[in-house]
Structure formats: structure tokens, C-alpha cells
Asker: 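So that we are looking at the same thing, I have put the structure below in C-alpha cells.
Because the structure is a prediction, the values reported are computed rather than measured. Proteins get letters first, then strands, A, B, ... in listed order; numbering begins at 1 in each.
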2 protein chains.
Amino acid sequence: MRPTVHDLAQSAGVSLATVDRVLNNRPGVKASTRSRVEEAIARIGFVRDVAAANLAKGRIYPLTFVVPSGDNSFMVSLRHQIEEAKTRSIAERTEIVMVEVPAFDAEALVAALRALRNDPPAGVAVVAVDTEEVRRELLALKASGVAIVTLVSDLEGFDRDHFAGVDNLAAGRTAGSLMARFLAGKTGRIGVIAGSMLVRDHQDRLIGFRERLAEINPSLVILPAEECHDDPHRVDAAARRLLAEAEGLVGIYNLGAGNRGLIAALSLMPSGPRPVAIAHELTDHTRAALEGGVIDVILNQDAGHEVRAAIRVMKAKSDGTPVIAAQERIRIDIFLKDNLP
Amino acid sequence: MRPTVHDLAQSAGVSLATVDRVLNNRPGVKASTRSRVEEAIARIGFVRDVAAANLAKGRIYPLTFVVPSGDNSFMVSLRHQIEEAKTRSIAERTEIVMVEVPAFDAEALVAALRALRNDPPAGVAVVAVDTEEVRRELLALKASGVAIVTLVSDLEGFDRDHFAGVDNLAAGRTAGSLMARFLAGKTGRIGVIAGSMLVRDHQDRLIGFRERLAEINPSLVILPAEECHDDPHRVDAAARRLLAEAEGLVGIYNLGAGNRGLIAALSLMPSGPRPVAIAHELTDHTRAALEGGVIDVILNQDAGHEVRAAIRVMKAKSDGTPVIAAQERIRIDIFLKDNLP
DNA sequence: CAGATTTTGAGGTACGTAAATCATTTTCTT
DNA sequence: AAGAAAATGATTTACGTACCTCAAAATCTG
């Protein structure tokens, strides 16, 4: 039988009240008594029944997601997953609030985070823009006991409780590997389309891509990245330009959003050999393009997994429970038409 | 505030006792009363607090995993993950029993399943051999209210509650795609190493592989599969034979276990172009081979995910709670050296 | 309509923990 | 050693649900 607080009290030779004081670190316990209880905990293998504790406390976990607004399809999907999670709130004892802030707007983000100070939630998951003020604000929240999870993009060197996202340098390298291998020694030019080089994620992907491509096949020429700000129309235009102008365009990599534009441009090509096309994020559009052979590889991060992982981690951190690291790690999914979910 | 049984009783205009009778379908309730309560449940959105209910019932979930013994590295890892899950039993209110049966031994499996009849657990997760007797035994368990999860390999057309594993046809197709794409139009022979063609999983992988390879590049010649029964030594020998004998061996696919043999054989090759090597299951060995460039791609199913998904599903089924399908779906992971976990 | 039967209600205890109050004991201070 | 302060104990109620008993009411049977 699982030991209870009563067993613990008996085993430690103290009263239930003292056990309670120790477990919930209330004041007024001598250090020696406290360690006596802690020893007993270890000895009998006591594990607090979190469900019973939550019942007694009437506890729910207030969790706040701070995410960018805008119609970038990945962010749309992320917000959708947060809404889905709200659906499960009753059963999971969570109360999820989603705050939308304009994308790439550090001031708005800071304001949103500051607003949380009044009534701090148990955890905050944030798609962070990396500025000093943002870091300061998050640190302040963390100092007041809020579990901090960075979502999608991490803050380098920042002591958050968890990062629910992928390593974009590795993602870029993966794209580079696949591009080089699919081209198997061929020579030619590679077009790259990006959202904005001011965003860390995109920088990383590009760096990784270039690095790896150069390692495997230095004869491939990587054209300068076209910044299209994740706008399908601009991506369309850029892709057309690349396809028309660049003699020997053998590959094209869209490391940002706006894949509809890329797909449109590729679909309009005259029949004949197509460049190897690699892009990010699995959506209805990219799925169809993959199935139709217009796009060769989609790299993906599972937004649903990210949201669920963030929730689990915030709950766990906020009651000092261990996390299953392997479960919470977000994969860089590689999708071909053959292994689509 | 979340409605409780008391709110429900009041809202339905019945007593707490009647609500209890309805919720736990105890006898002695008029049909009209029962439906009155059910309407109230829908009206006020009552959701039973499973945690409180489990506390009251003193409920734990007895779960049994029936898995093959043997030192196939995937099965070793699967068993390890089950042991890991045992570690979390206290916190998750599970009591996990692992039963090992000799691999591919239908009789032993049937016996193990029959033994569960006396004291049926809440759920059974089983790596099933597909025979009539096995199906009958599982059906009997299911009929007595046990949640049935097939693990790793599914029983086609069998009405299990869940399958925690991957689609091996798709996995084979994925391998075929990658092989063909990495060879980019080249011509030559492809060696295939399998465990046993009597196992459904391996059949499927081979079928998918051949299919897809033929679709993309029909000029590639796929050699007959070498059955090595997942034994590293036999795999080693077979790989050496392939590498020595086959003129123009451009690719090698091990769809079974025993990768150590494959890696050994490949590592001994004289320098020069290596065949594209694709294999299954990420282990310490295959990871090192991937990093060292000896193997090009590892396809993987996450044993930890499979075990955790099986547990979540068995718990959910056994108390009629919904399952998050996307979360429980097991991916066909594609690992290059760039996106290793 | 009496008696039997079915259905419903009222109320209590339990699960493991939290949180509170008040009483008692121990330890410190001077 | 007396008084103050700190530490500990004893006990109770509550959380939401399950499950039990006994009584009362409603419905059926002939």
C-alpha cells in the first residue's frame, strides 16, 4: 500500500500537523524536526498524492499563453491547439488564458507580461521576442514563482523552466542534408526564401542549411535569401523570379511561412524536371503539395505537442513534480508523402 | 465553478443517491428518472471529477504488458520503457505487470493471456502474434471489460481499443522513397536484409519498400531479401556477402534488427563510395553509425511514446474518458545525423 | 384497496491531503 | 527559575465522489 501522511507522521514520530507543516513548508518547525520528517519521507518512499492534494486545495492551474497574433499558418495552428487545450481544462484542472500580441512587437509583449504581475498565474508559456525588457519581465515573473516556458523560440542563455520548441539550427541542417542528398552530387543553384532575417529562428535555419549543404556538396551555389515576410504573395513572386531567372535552379528551400506562394509558383512550372523543394510546417496546403509531388519534404514541429508539453511542464513545475524529458522533447519531424500522419 | 454531483442532483430534481445510481449505473432507477438526470448532465455540463472518484474508490489501474523476451534491441528498449513506466506507477495510480513470452510463440502468448482471465486487469497491452487463438483470447478479455491495446504490431481487422505502433507499410515506403531519392536516378542493385518474412511487420516493410522504389526508379534492382532472424552475426555475414558479391551495390536496407552486424560490415569496407544504408530503430549503435556516416538514415518508432500512449489509452478506455488521438499517434521518425534527439 | 414491490430519499463514512484552531510542551532569555 | 517565545500535538472541517444502510414514498398486482 502506498504510504499516506499518517504513515509518514507515525514513521517520523511526529504529529500530522508537523508533517503538514513540513510538506507545505509552513513556518515554525525546528530544522532537526524537519530533517527527521524528510528522512522518513525517503525511508518509507512517501509520495504526496497530488490528486488528493489538489482536491483538498480546490486547486486549479491558471496558465497563460502569450502568443503572436497574425495569420501565419503556424501561429494559427498554435492558437488553435491552445483553444483545443481549453476544451480539456475542466478535466485537467487548468484555466487557460490566451493573450495575443502583435508579432515581433517587443513593447506589446512586455506590456502583456507586465499585466500578469497583478494576478500571477501558475505558469506562463510565451513565444518570446528576445529583448532585454522581455527577459527582465520574464525574470520578474519567475522570481514570483511563476513557471516559465518558452514556446517555439527560445531565449538563449535564459533560465526558463522549459523550452517547448525545436532547435532551428538542426532543422536547417536537416533541410541542408536532405537537399544535398536528394541532389546527389549534382551541381547548380539553390534558391532560399525566408521570412525575415531579423528573426532568430530564420537566421538559425539559414545558417544550418548553408553549413550542411557546403559540407556535403560545396559545388552547390546558394543564392542570397529572399526575404518575403511570410507573405504568400511575395513568396510567389520571389519563387517565380528564382525559377525564371536562375539558370540551373536545382533546389528551393522556404525556411519561412507563405508556402501557398511557393506551391503556386511551382505548380505553374512547365513539365520537366522540378527543383527539389523543401519547406516548413505541415498544413492542408503543404500536405497536398507533398502528396502531389510539388514539394519533396516538409519539416515540421508539432504545434499540438508543443502546447500539451508546455501545459504538462507548467503544471509539473508548479507543484514540483518531475517531468518526463523524452516525452516533452519536440521533434523535428521530417515528412515525405509516405509518412504523413 | 465546475458543477458537482450536488449541483447535478439539484438541477435534475432528484436526490444525491439517485444521481449516484445513474452515474455508476446501479440498478433500481426508473428509465424516466435516468433520462432526467442525463439531461441535467448535458444541460449543466457536469463532468465527473475522475481524480476525486479514484480517491473515493481507492482505485488503481492494474495494467498488464505482454511482450516478447529476447535480446532484439527494440524489444529490449520497449521492456526498458515499461520498467520506466513502473517507476511512475505510484504517481499515476497504475500497477503495471510485465509478462514476457518467447518471441513468435503463439501458444505461449495464448497461455499468458488466458492466465489473465482469473483476475482481469483494467487493460492489456500486447505485442501480438496473429493467430486465431490469440484473437479469441483477446476477444474474451475484451468481452469481460478489459481495454485491449495492440503494441508495435497490429491485428488487422481486430476490434482492439487502440493500436500503439506504426504503419509498417508506410515505413517501408518511406525507406524506399529515401533510398530512391538519395540515389537520384543512379542505377544499380539494392540489398535487403530482413528478420523473418513470417512476421507481418517485416513483410509490410518490404512490400512498401519495393513498391515505392519501383515507382520512383524502376531501373534499380532489388535483390531478394536475406533473412537473418535479427541476429547480428547473420546480418554481418549477409551484408559482407552483398558488399563483396553484388557488382554495383548502391544501397542496402535492413528492415529488421541486428544492425550491429550491418554496421560492422559497412565499417570494414575499403574507402570509396559507400552504398546508401537505411535501417530501423535508433539505438546507441545506430546513432553512432549515423553520426559517423556509416548509416544514412534511421527510421524509428519511439518505444517510450508507445508505452506511455498505451498506458494513457488503457486508463482512458477503462474509465470512459476521451483520448487525444493526435497525441497517441506513433510517428514514423526519420533520423538523419542532423536531427538526432 | 391491501399488500407486495420498486423506486427514491436522507444521511453517514471513507479516500488522502490541506488548512485551520487551540492546547500543550519544549526551548530560549535574562 | 520564571516568563516569553517557539515548536509541536490533537482535533476538526473540507474537497468531490463512491458506497452503504435504512426509511419513506411511489407504483404495481390481483
Asker: Near DNA chain D, counting only heavy atoms under 4.0 Å, which residues of residues 34-48 of chain B show up?
Answerer: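 Heavy-atom contacts with DNA chain D come from B:F46, B:V47, B:R48.
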Asker: For C:dG9, does OP1 or OP2 lie under 4.0 Å from any side-chain N or O of B:S15?
Answerer: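 Yes, within the criterion.
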Asker: Both A:R2 and A:D20 contact DNA chain C. Taking the nearest nucleotide for each, which residue is further toward the 5' end?
Answerer: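 By nearest-heavy-atom nucleotide position, the 5'-most residue is A:R2.
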Asker: Do you know which of B:E328, B:E306, B:E92 makes salt bridge (Lys or Arg N to Asp or Glu O under 4.0 Å) with B:R312?
Answerer: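 Only one of B:E328, B:E306, B:E92 forms a salt bridge (Lys or Arg N to Asp or Glu O under 4.0 Å) with B:R312, namely B:E328.
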Asker: Can you tell me how far P of C:dG9 sits from CD of B:Q10, to the nearest Å?
Answerer: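 Going from B:Q10 (CD) to C:dG9 (P), I get 13 Å.
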Asker: Enter the distance from B:K315:NZ to B:T321:OG1 here, rounded to the nearest 0.5 Å.
Answerer: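 If I round to the nearest 0.5 Å, the distance is 10.0 Å.
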Asker: Report yes if at least one side-chain N or O of B:R21 is closer than 4.0 Å to OP1 or OP2 of C:dT7; otherwise report no.
Answerer: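 No, B:R21 has no side-chain N/O under 4.0 Å of OP1/OP2 on C:dT7.
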Asker: Which parts of residues 49-60 of chain A get close to DNA chain D, meaning a heavy atom less than 4.0 angstrom away?
Answerer: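 Residues of residues 49-60 of chain A that come under 4.0 Å of DNA chain D are, in numerical order, A:L55, A:A56.
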Asker: Show the nearest heavy-atom pair for residues B:N25 and B:R34, with the distance to one decimal.
Answerer: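 Heavy-atom minimum between the residues: CA-NH2, 4.1 Å.
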Asker: Starting from P on C:dT21, measure out to CG on A:L16 and report it in whole angstrom.
Answerer: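 Rounding to the nearest Å, CG of A:L16 and P of C:dT21 are 17 Å apart.
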Asker: Please report the distance, rounded to the nearest Å, between CZ in B:R93 and P in C:dC15.
Answerer: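 Between P of C:dC15 and CZ of B:R93: 12 Å.
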Asker: Are B:D154 and B:T150 close enough that a side-chain donor and a side-chain acceptor fall under 3.5 Å?
Answerer: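 There is such a pair between these side chains.
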Asker: Can any side-chain N or O of B:R93 pair as donor or acceptor with the backbone N or O of B:R59 at less than 3.5 Å?
Answerer: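 Yes: the side chain of B:R93 pairs with the backbone of B:R59.
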Asker: Where the side chain of B:K142 meets the backbone of B:D161, is there a donor-acceptor pair that is under 3.5 Å apart?
Answerer: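 Pair absent, no side-chain N/O of B:K142 close to backbone of B:D161.
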Asker: Counting side-chain heavy atoms from C-beta on, which of D:dA18, C:dA10, C:dT17 comes nearest to B:A17?
Answerer: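 Nearest to the side chain of B:A17 among the choices is C:dA10.
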Asker: Let me confirm one number: the CD1-OG1 distance from B:I96 to B:T87, rounded to the nearest 0.5 Å.
Answerer: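 B:I96 CD1 to B:T87 OG1: 9.0 Å, rounded to 0.5 Å.
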Asker: Check whether any side-chain nitrogen or oxygen of A:T18 sits under 4.0 Å from OP1 or OP2 of D:dG9, and answer yes or no.
Answerer: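 Yes, because at least one side-chain N or O of A:T18 sits under 4.0 Å from OP1 or OP2 of D:dG9.
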Asker: Ignoring hydrogens, what is the shortest heavy-atom contact between A:A106 and A:V134? Give both atom names and the distance.
Answerer: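 For A:A106 versus A:V134, the nearest heavy atoms are O-CG2, 4.2 Å.
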Asker: Below 4.0 angstrom from OP1 or OP2 of D:dC19, is there any side-chain N or O of B:R26?
Answerer: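 True: B:R26 side-chain N/O within range (under 4.0 Å) of D:dC19 OP1/OP2.
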Asker: Tell me the interatomic distance from B:N25, atom CG, to C:dT7, atom P, rounded to whole angstroms.
Answerer: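 Going from B:N25 (CG) to C:dT7 (P), I get 15 Å.
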Asker: Roughly how many Å is it from NE2 in B:H6 to C1' in D:dA14, rounded to a whole number?
Answerer: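 In whole Å, D:dA14 C1' lies 12 Å from B:H6 NE2.
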Asker: Taking the cut-offs as 6.0 angstrom to the six-membered ring centre and 45 degrees off its axis, would you call A:R48 and A:F46 a cation-pi pair?
Answerer: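 No, cation not above the ring by the 6.0 Å, 45° rule.
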Asker: Between B:K30 and B:L23, which is nearer to the 5' end of DNA chain D once each is assigned its nearest nucleotide?
Answerer: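 Result of the comparison: B:L23.
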